[in-house]
Protein chains: 2
Amino acid sequence: MANSTSTSDGLLAEPKTLVESAYRALRRDIIEGHLAPGEKLRVEHLKDNYGVGAGTLREALSLLISDALVVSQGQRGFRVAPVSLEDFEDITQTRVMLECEALRQSITMGDDAWEADLLAAFHRLTKAEEKRIGSDDREEWEERNRIFHEVLIAACPSRWLKHFLSILYQQAERYRRLSLYLQPIPRDIHAEHDALLQAAMSRDAEKATALLGEHILLTFRSVQSIPKDQLNEKLAA
Amino acid sequence: MANSTSTSDGLLAEPKTLVESAYRALRRDIIEGHLAPGEKLRVEHLKDNYGVGAGTLREALSLLISDALVVSQGQRGFRVAPVSLEDFEDITQTRVMLECEALRQSITMGDDAWEADLLAAFHRLTKAEEKRIGSDDREEWEERNRIFHEVLIAACPSRWLKHFLSILYQQAERYRRLSLYLQPIPRDIHAEHDALLQAAMSRDAEKATALLGEHILLTFRSVQSIPKDQLNEKLAA
DNA sequence: GTTTTTAAAAATCTCGAGAAAAAGTATTGA
DNA sequence: TCAATACTTTTTCTCGAGATTTTTAAAAAC
């Protein structure tokens, strides 16, 4: 469903417990790069920052392992999952494969309600794009972009496919942040989304998957073309 | 690599901590059906069974969410992930798609060492099959079967593809246990594996993926054809 | 007899403190 | 000066107890 309140809960619903709050706060800080890739996550240190007990924080970190945003190692604590260009390439290729298949199924199975949801999601994304000119309201655009992609494949009946894609999308978000700040390749993302929408609405699966694949690949190329020194600087931040 | 000591650590290495031990013990009990699908996992009750503290058990349960073997719900504790025929069908179809793609890549990329590993894995599996006649040494066969499938796609360079496949394999194992006990469809699994091996060794990707797809699908059909009352009985056990 | 309210019981969630292990530092010996 | 050892500090891991919340059961009201 194109539920606008849905907030990418990889795992959990609204933060009714402290574990969930800490989980969300940590996830956000990792995706936004506030906690650097590879950084050590000392429980005793972090528990104060997030205002929870040690056990609670450990549990939140354990949940983040599901999203492959945190790694743990025996008796040596937790770390932020590392990043690399090779990893992003793998994420991109796997995502192209899965998301194109999901889109194909979604276009086949989608009914009128799906079309309506898709149109609505695109409209909301467009509005966010207009507002974003100047003001750095990145969060809202990022969220609506996620929902647009989610609705595109919403009519795909495979829960597992969608589950894996939500993980990959989240992973890609870590890298995508870079490409939007240091964008060397001029790109009309709105036009890409628009073409994608038209192809999906006219049930042209071949065209839609081709566009989607290119759309996803472009983000990788964008990051790929960032000079290495500049990239490392950003990654360490 | 065809490391025979590898033990399907979805997430963790050797149990150096109590969390890891509990994680493994719980995972095993869920996959083997000792903890029934949908069953409530009361921490206060379970902590005695597994000989750990409440916090430690909670952490182990959190890790099992990664494997989609446990689900949690806000302020209402943990449960064993439910099962259904629809879910198994989804698992099967997704797995066929991913594993065939991974095999195709593996056949393309695999070198001599890969061939040797594959041959060795097949040999070990065969030996386990011979030993299994009569004696209920299911564990060893199950483990070697897993390794055979793992080695088949070991030369595939995509870590994410292999990561997702290890999750799906583990999920399928829950259902596969049923088909082997209540097998209505007569099946020569050894012959299937043998044909698969030959196709892979001769680098015939088309044939190999066709065989692999059929191989995976057959297990689903086998479970599908079990009478519903008999199935539910087993699932509740 | 059914529903609502109220109270007891159980379970979850949370924290702080203590034991075990790792990492870092200083000391000793060549 | 360098390497190895012993010591100190830090960090991880673990447990038990207390505070909320949910669930269950009983009593009251309609």
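Proteins get letters first, then strands, A, B, ... in listed order; numbering begins at 1 in each.
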Length of the [atom1]-[atom2] vector between [X] and [N], whole Å:
| X | N | atom1 | atom2 | value |
| --- | --- | --- | --- | --- |
| A:Lys40 | C:dG24 | NZ | C1' | 13 Å |
| A:Gln75 | C:dA20 | CD | P | 12 Å |
| B:Phe78 | C:dA11 | CZ | C1' | 12 Å |
| A:Lys47 | D:dT11 | NZ | P | 12 Å |
| B:Leu46 | C:dT12 | CG | P | 9 Å |
| A:Asp48 | C:dG16 | CG | C1' | 12 Å |
| B:Arg58 | C:dC15 | CZ | C1' | 13 Å |
| A:Tyr23 | C:dT14 | OH | P | 16 Å |

What's the closest nucleotide to the [X] side chain, out of [options]?
| X | options | result |
| --- | --- | --- |
| B:Val52 | D:dC15, C:dT14, C:dT12 | D:dC15 |
| A:Thr56 | C:dT14, D:dT14, D:dC13 | C:dT14 |
| B:Thr17 | C:dC13, C:dT14, D:dC13 | D:dC13 |
| A:Glu44 | D:dC13, C:dC13, D:dT14 | D:dC13 |

### Message
As an exercise, state the distance from CD of B:Glu140 to NZ of B:Lys127, rounded to the nearest 0.5 Å.
### Response
12.0 Å

### Query
Looking at CD of B:Glu99 and OG of B:Ser106, how far apart are the two atoms once the value is rounded to the nearest 0.5 Å?
10.5 Å

OP1, OP2 of [N] versus side-chain N and O of [X]: anything below 4.0 Å?
| X | N | result |
| --- | --- | --- |
| A:Arg76 | C:dA22 | no |
| B:Arg42 | C:dT12 | no |
| A:Lys16 | D:dT21 | no |

### Message
Main chain of B:Arg146, side chain of B:Tyr169: is a donor-acceptor contact present, judged purely on distance under 3.5 Å?
### Response
yes

### Contact check, side chains of A:Thr94 and B:His163, non-hydrogen atoms, under 4.5 Å
no

### Task
Have a look at A:Leu41 and say if it touches a base, only the backbone sugar-phosphate, or nothing, with a 4.0 Å heavy-atom cut-off.
sugar-phosphate

### Query
Given that A:Gly51 and B:Gly77 both sit by DNA chain C, which one's nearest nucleotide is further toward the 5' end?
B:Gly77

### Task
For the residue pair B:Phe164 and B:Trp160, categorise the inter-ring angle as parallel (less than 30°), tilted (30 to 60°) or perpendicular (more than 60°).
tilted

